[in-house]
Protein chains: 2
Amino acid sequence: MSEAEEKGLRRAILDTARQLLTTVGYAHLSMRNIAKEIGYSATSIYLHFESKDDLIHALIDEGVDVLFRELSQADVASSSSEQRLEAMCRAYVRFGLERSEYYGIMYVLHPEYIKRYPVDKYRKARRNLEIMAQAVQDGIEAGVFRKVEPMLAANLAWAQLHGIVTLLSSERVDKRIDPDVFVDAGCRHVVSGLFTPERLAGRHAS
Amino acid sequence: MSEAEEKGLRRAILDTARQLLTTVGYAHLSMRNIAKEIGYSATSIYLHFESKDDLIHALIDEGVDVLFRELSQADVASSSSEQRLEAMCRAYVRFGLERSEYYGIMYVLHPEYIKRYPVDKYRKARRNLEIMAQAVQDGIEAGVFRKVEPMLAANLAWAQLHGIVTLLSSERVDKRIDPDVFVDAGCRHVVSGLFTPERLAGRHAS
DNA sequence: ACATTGGATTAACGCCGTTATTTGGGTCCG
DNA sequence: CGGACCCAAATAACGGCGTTAATCCAATGT
C-alpha cells in the first residue's frame, strides 16, 4: 500500500513531467511547476529522484522503450528487408514528430544541459540502431543492398532521419515544402541509397 | 570617439559571448558572466542589447554570414556542379563542427528557448539553402542529376548534413565509427542520391 | 506514554534575466 | 562660476530556477 503509493507518486511525477514537456516544453519545465501540478512541494520530488537530470533520465528510459516497440512493430509488419527498413524509417520519423516530448529529451537536448546518460543504459538505447542495422544486413544478404558496413549505414540513415525530425519540428524547413512530401522523400532516399545498381535501375520513377 | 568606444563595447560583448559559447556553452552563458569577463556590470549590456535573445540574434547574424562565405568559397572553388555540391556539403559540416559556437545557436538551440529570429533576417539565412539549391539546379540542367525539385532536394541534403553535425557534436554516433569516414559517406550519399541512373552506373566503387 | 521513523514542508543559498533606482562625471548655458 | 541637464554605469531588487538544510508532524513500534 505504502509501496503502491510511493510508486504512485513516482509515476505521477513522471506523467506530470511528460505532460508539461508537451505543453510548456523543456525550457519551462521546472521542479516547482511539476510539484504545483501534483499538489506537492518541489522538494518532495527529491524523495523519488535525486535530481532533475535523474528524473529526465527516467523519462528517456521510457522513450527508448516506446521507440523500440514502434520500430519492432514496423520491422515485423513488413516482408522484404527494403520494406522493413523503409517502414522503420517512417516509424522513427513519426515517433520523433508525434512523441516530441520524448524525442526532445532523448535526442535534441544538448548533453551540456544534462548529465550524461548512465553508461549501463546505453546498451538498451543502442538496440534502436541495431534493429535498423540488422535490416541493412539482411538486405545485403538478400542481394538487394550494396555491400556496406551495416552499422555505418544505420548511423547515416539515423542522421538523415534525425535531421528531418529536428528541422521539421523546429520549423526550420521552408514553408513551401509539404512536410509529408519531405518525410516521404527522405525515407525513400535512405533506402534507395543502399540499393545495388541493378536494383536501382529497376526502381519506379521518383 | 565616443561612437567608436560604443561600438567597441558592443563588439567586446559579442566577442566575449562568442568565446564563452565555445568554453562553457550556451547552457552556462549568462549576462553576468559576460559582464564579469569584460569588467562591466551585467546591466550595462542592456545599453547595447535589449535582451539576451537580442544579443544571440546578433551572433546568429554573424554566423549566417560566416557560413555563407564558406559555402560561396566552396561553390566557386569547384568546377562541375556535382563537385560544387559535394564541396559545399563538406564546407557545411566543417562549419558545423568547427564553428560550433555559431552552429549551436543558429540551428541547434530549440526555438522554445529563444525569441523567434526576426522575419526580416530570414531572407539572408535562406541564401545558405538557395546556394545549394542552385547547385542542384545546375546539375539537373547539365544532365547529371535527376529532375527533382531543387528546393526539396536542398532541404533534404540540409537535413542529412544537419543530422551528421548534431549527432557527431553531441557524441551520439557509435564510437567505433570514424567521424571522417562518417562525414565522407554522408556527403557522397547526398550527391549520389541525385545522380541519374546513367551517371550512377558509371560511378566508382563505394 | 514515549521514542523513532520518515514523508512532507518551509527557509535558505547562489544562480538566472530583467527592471527600477541611484550614482557620478561631463557638457552646455546663463 | 554655478547650476541644469545628460547619460553611461552601477547597485538594489523582483520573481524564478535547482538544490540543500532544517523543521514539522503523524504514524509506528515498544
Side-chain angles (χ1 to χ4, degrees), chain A residues 1-14 16-21 23-60 104-105 109-118, chain B residues 1-14 16-21 23-60 104-105 109-118:
Chain A
M1 190 136 58
S2 94
E3 189 189 343
E5 277 198 353
E6 180 173 325
K7 263 207 170 174
L9 185 48
R10 186 184 159 94
R11 266 255 57 86
I13 293 169
L14 287 171
T16 304
R18 196 157 51 80
Q19 185 214 323
L20 284 173
L21 281 176
T23 54
V24 303
Y26 183 82
H28 299 102
L29 173 72
S30 75
M31 301 301 258
R32 283 171 166 91
N33 60 13
I34 295 171
K36 179 173 288 182
E37 205 77 23
I38 58 176
Y40 281 78
S41 72
T43 51
S44 287
I45 299 177
Y46 288 84
L47 298 172
H48 301 275
F49 300 94
E50 71 176 27
S51 68
K52 187 183 180 182
D53 286 356
D54 189 36
L55 199 170
I56 296 296
H57 283 157
L59 283 179
I60 291 177
I105 56 177
L109 205 54
H110 201 278
E112 110 194 351
Y113 276 97
I114 195 170
K115 239 174 303 187
R116 206 73 220 183
Y117 193 61
Chain B
M1 191 136 59
S2 92
E3 189 190 343
E5 277 198 353
E6 180 172 326
K7 263 205 169 174
L9 184 48
R10 187 185 159 94
R11 267 254 58 85
I13 292 169
L14 287 171
T16 304
R18 196 156 53 79
Q19 185 214 323
L20 284 173
L21 281 177
T23 54
V24 304
Y26 183 82
H28 300 99
L29 174 73
S30 76
M31 301 301 258
R32 284 171 166 90
N33 59 14
I34 295 172
K36 180 174 286 181
E37 206 77 24
I38 58 176
Y40 280 80
S41 72
T43 51
S44 286
I45 299 177
Y46 288 84
L47 297 173
H48 301 274
F49 301 94
E50 70 176 26
S51 67
K52 186 183 181 182
D53 286 355
D54 189 36
L55 198 171
I56 296 295
H57 283 156
L59 282 180
I60 291 177
I105 56 176
L109 205 55
H110 201 277
E112 111 194 353
Y113 276 96
I114 193 169
K115 237 175 302 187
R116 206 73 221 183
Y117 193 60

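Chain naming here is simple, since letters A, B, ... match the order of the sequence lines and numbering starts at 1 in each.
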I'd like to compare against my own output: the B/S/- annotation of nucleotides 11-25 of chain C with a strict under-4.0 Å heavy-atom distance to protein. BB---BBBB------
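- In terms of the side chain to side chain contact (heavy atoms under 4.5 Å, CB included) criterion, residue partners of A:Thr43 (sequence neighbours excluded) are, by chain and number, A:Ser41.
- At whole-Å resolution of the value, OH in A:Tyr26 and P in D:dC17 are 13 Å apart.
- If you measure from atom CG of B:Leu9 to atom P of D:dA8, you get 11 Å, rounded to the nearest angstrom.
- When the P atom of D:dA10 is taken as reference, atom NZ of B:Lys36 falls 14 Å away, rounded to whole Å.
- What separates CG of B:Leu47 from P of D:dT11 is a distance of 14 Å, to the nearest Å.
- Atom CG in A:Asp54 sits about 12 Å away from atom P in D:dT20, given to the nearest Å.
- Under the side chain to side chain contact (heavy atoms under 4.5 Å, CB included) rule, A:Ile45 has a single partner from A:Asp54, A:Ile13, A:Thr16, which is A:Ile13.
- Checked against B:His57 for a side chain to side chain contact (heavy atoms under 4.5 Å, CB included), the options B:Leu55, B:Leu59, B:Ile60 give a single hit: B:Ile60.
- Contact annotation: A:Ser41 reaches the phosphate of C:dT9 (side-chain N/O to OP1 or OP2, under 4.0 Å).
- Of the inter-residue distances, the one linking A:His48 atom NE2 with A:Arg10 atom CZ reads 9.0 Å to the nearest 0.5 angstrom.
- Where the helix from C:dA1-D:dT30 to C:dG30-D:dC1 starts and where it ends, the local axes point in directions that differ by 40°; five pairs per end, rounded to 10°.
- Residues A:Ile105 and A:Ile114 are not in side-chain contact: their nearest non-hydrogen atoms beyond the backbone lie 4.5 Å or more apart.
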